Number of protein chains: 2
Amino acid sequence: MVVDQLRAQLSDEELDRLFQAFADTTRRDIVRRVTVGEYSVSGLAALYAMSFAAVQKHVAVLERASLVSKEKRGREQIVRANHDGLQRARRLLDEYEVIWRQRADRIADLLAETATTEPDKTQTGTGQTKNTQSNKTEGTTEG
Amino acid sequence: MVVDQLRAQLSDEELDRLFQAFADTTRRDIVRRVTVGEYSVSGLAALYAMSFAAVQKHVAVLERASLVSKEKRGREQIVRANHDGLQRARRLLDEYEVIWRQRADRIADLLAETATTEPDKTQTGTGQTKNTQSNKTEGTTEG
DNA sequence: CTATTCTACAACCAAATGGTTGTAGATCAG
DNA sequence: CTGATCTACAACCATTTGGTTGTAGAATAG
């Protein structure tokens with residue numbers, strides 16, 4: 001299957017490039033287009049109200065982010081979607097979602113415990129509240 | 001439930017802000033932190049090798065993208081994760097995934113058809129191949 | 001009240017971004 | 001061969017971005 005290299009961790013720079021690539025309307029549109037059909041660079045350029053060179057740069061940004069790849073066909077360069085890049089982005093956001101759910105579970109757990117043992121400690125219900133300036137050492141997974 | 005406003009379509013500018021917000025290592029780390037626990041702005045600033053003002057700006061970027069919100073507590077400003085923003089980002093990538101799968105299905109369909117009716121038309125297997133310069137009018141959902 | 005802490009915001013700077021035009025190399029059509 | 005097309009890339013420009021320092025207001029501590 002394709003699941004093989006999806007397991008690989010992404011470096012910070014890769015993630016920067018990945019989300020940076022998505023952070024532009026034209027580039028998101030290009031990704032959508034080349035996911036559906038096949039386009040040459042000039043074929044894409046004809047779709048937008050900007051120069052060929054500008055579109056070329058957008059494609060280059062997407063390529064650096066591993067979201068598309070180019071394949072030379074005659075004098076044209078065919079731009080194709082790279083599904084792996086998309087899946088990597090989705091996987092990261094899914095990880096955040098997992099963290100969020102774990103947090104929700106932990107809070108529910110804490111609330112349940114304090115409710116049965118110490119019915120007074122129910123502060124604001126968000127866990128760490130940090131009194132004076134102790135939150136600079138809360139890190140759970142930091143270096 | 002929270003599903004209410006998730007149905008809403010996101011404007012291009014909102015998506016730009018959303019992905020731009022994710023396109024920085026420090027900001028992704030902040031999102032992870034505030035998803036797990038509660039941090040004041042200065043509490044976050046203490047975690048990174050940059051000035052308070054820099055972290056303040058990162059938080060502002062995340063806030064503009066609806067990924068976090070701030071809540072004044074005494075003289076502190078507590079930064080909290082905004083789950084909606086995260087879910088919006090995930091939803092968009094899921095849409096791309098749907099488009100990708102539809103394409104895969106359509107191609108499989110086409111291949112199956114051409115295989116039974118015209119056993120010769122199996123080009124490269126990627127659908128539209130555009131001969132001369134006709135791909136500038138391929139748009140399916142434009143205009 | 002005074003001093004400290006936390007925040008907000010302005011001004012500034014270097015680098016990156018998103019766009020342009022121009023030049024030049026390959027490839028295809030006639 | 002000649003001309004048209006497609007691509008690549010350099011140079012340039014305006015704006016944004018990610019960082020800094022400095023100033024000032026609010027809330028807390030003593």
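Just so we're clear, the structure is a prediction, and the values are computed from it rather than from any experiment.
- In this pair, A:F22 and B:Y96 present their aromatic rings perpendicular. The plane angle is above 60°, beyond the 30 to 60° band.
- The separation between A:Y48 atom OH and C:dG18 atom P is 15 Å, rounded to whole Å.
- A donor-acceptor pair under 3.5 Å links the side-chain atoms of B:Q77 to the main chain of B:K72, judged by distance alone.
- Listed nucleotides C:dC12, C:dC6, C:dT7 differ in distance to B:K57; the shortest reach to its side chain belongs to C:dC12.
- Taking CD from A:E97 and CG from A:L92, the interatomic distance works out to 12.0 Å, rounded to the nearest 0.5 Å.
- Between A:Q77 and the phosphate of D:dA8, there is a side-chain N or O to OP1/OP2 separation shorter than 4.0 Å.
- In this structure, B:M50 places its CE atom 13 Å from P of D:dT21, rounding to the nearest Å.
- Distance B:E76 CD to C:dA8 P: 12 Å, rounded to the nearest Å.
- Taking 4.0 angstrom as the limit, B:Q20 places a side-chain polar atom (N or O) nearer than this to OP1 or OP2 of D:dG18.
- Recorded end-axis angle for the helix from C:dC1-D:dG30 to C:dG30-D:dC1 stands at 30°, based on five pairs per end and rounded to 10 degrees.
- B:L47 is connected to B:M50 through a chain of hydrophobic side-chain contacts under 4.5 Å among Ile, Leu, Val, Met, Phe, Trp and Tyr, so both are in one cluster.
- With D:dA4, C:dC9, D:dT28 as the candidates, the nucleotide lying closest to the side chain of B:A53 is C:dC9.
- OP1 and OP2 of D:dT7 both lie 4.0 Å or more from every side-chain N or O belonging to A:Q56.
- Distance CD (B:E13) to C1' (D:dT16): 15 Å, rounded to an integer number of Å.
- Nearest-nucleotide positions on DNA chain C for A:R27 and B:V41 put B:V41 closer to the 5' end.
- The side chain of B:K70 has C:dA8 as its nearest neighbour among D:dG19, C:dA8, C:dA26.
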| said: Between B:D29 and B:R32, is the salt bridge (charged side-chain N to carboxylate O under 4.0 Å, His left out) condition met? List the steps. | reply: CA-CA 5 Å; B:D29 195 63; B:R32 214 178 303 123; 3.1 Å; yes

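- Taking the nucleotide of DNA chain D with the nearest heavy atom to each of B:R64 and B:S51, the more 5' of the two is matched to B:R64.
- Counted by atom type alone, B:D16 and A:T25 present one or more donor-acceptor pairs between their side chains at under 3.5 Å.
- Here C:dT4 presents its P atom at 18 Å from CZ of B:F52, a figure rounded to the nearest Å.
- Side-chain proximity of A:S42 to the nucleotides C:dG18, D:dT7, C:dT7 is greatest for D:dT7.
- Closest to the B:H58 side chain, of the nucleotides C:dG18, D:dG18, C:dA26, is D:dG18.
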| After noting the C-alpha distance and the side-chain angles of B:E38 and B:R33, does the key distance pass the salt bridge (charged side-chain N to carboxylate O under 4.0 Å, His left out) rule? | CA-CA 8 Å; B:E38 270 191 7; B:R33 299 264 187 185; over 6 Å; no

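- Here C:dT27 is the nucleotide among C:dT20, C:dT27, C:dT7 with the atom lying nearest to any side-chain atom of A:R75.
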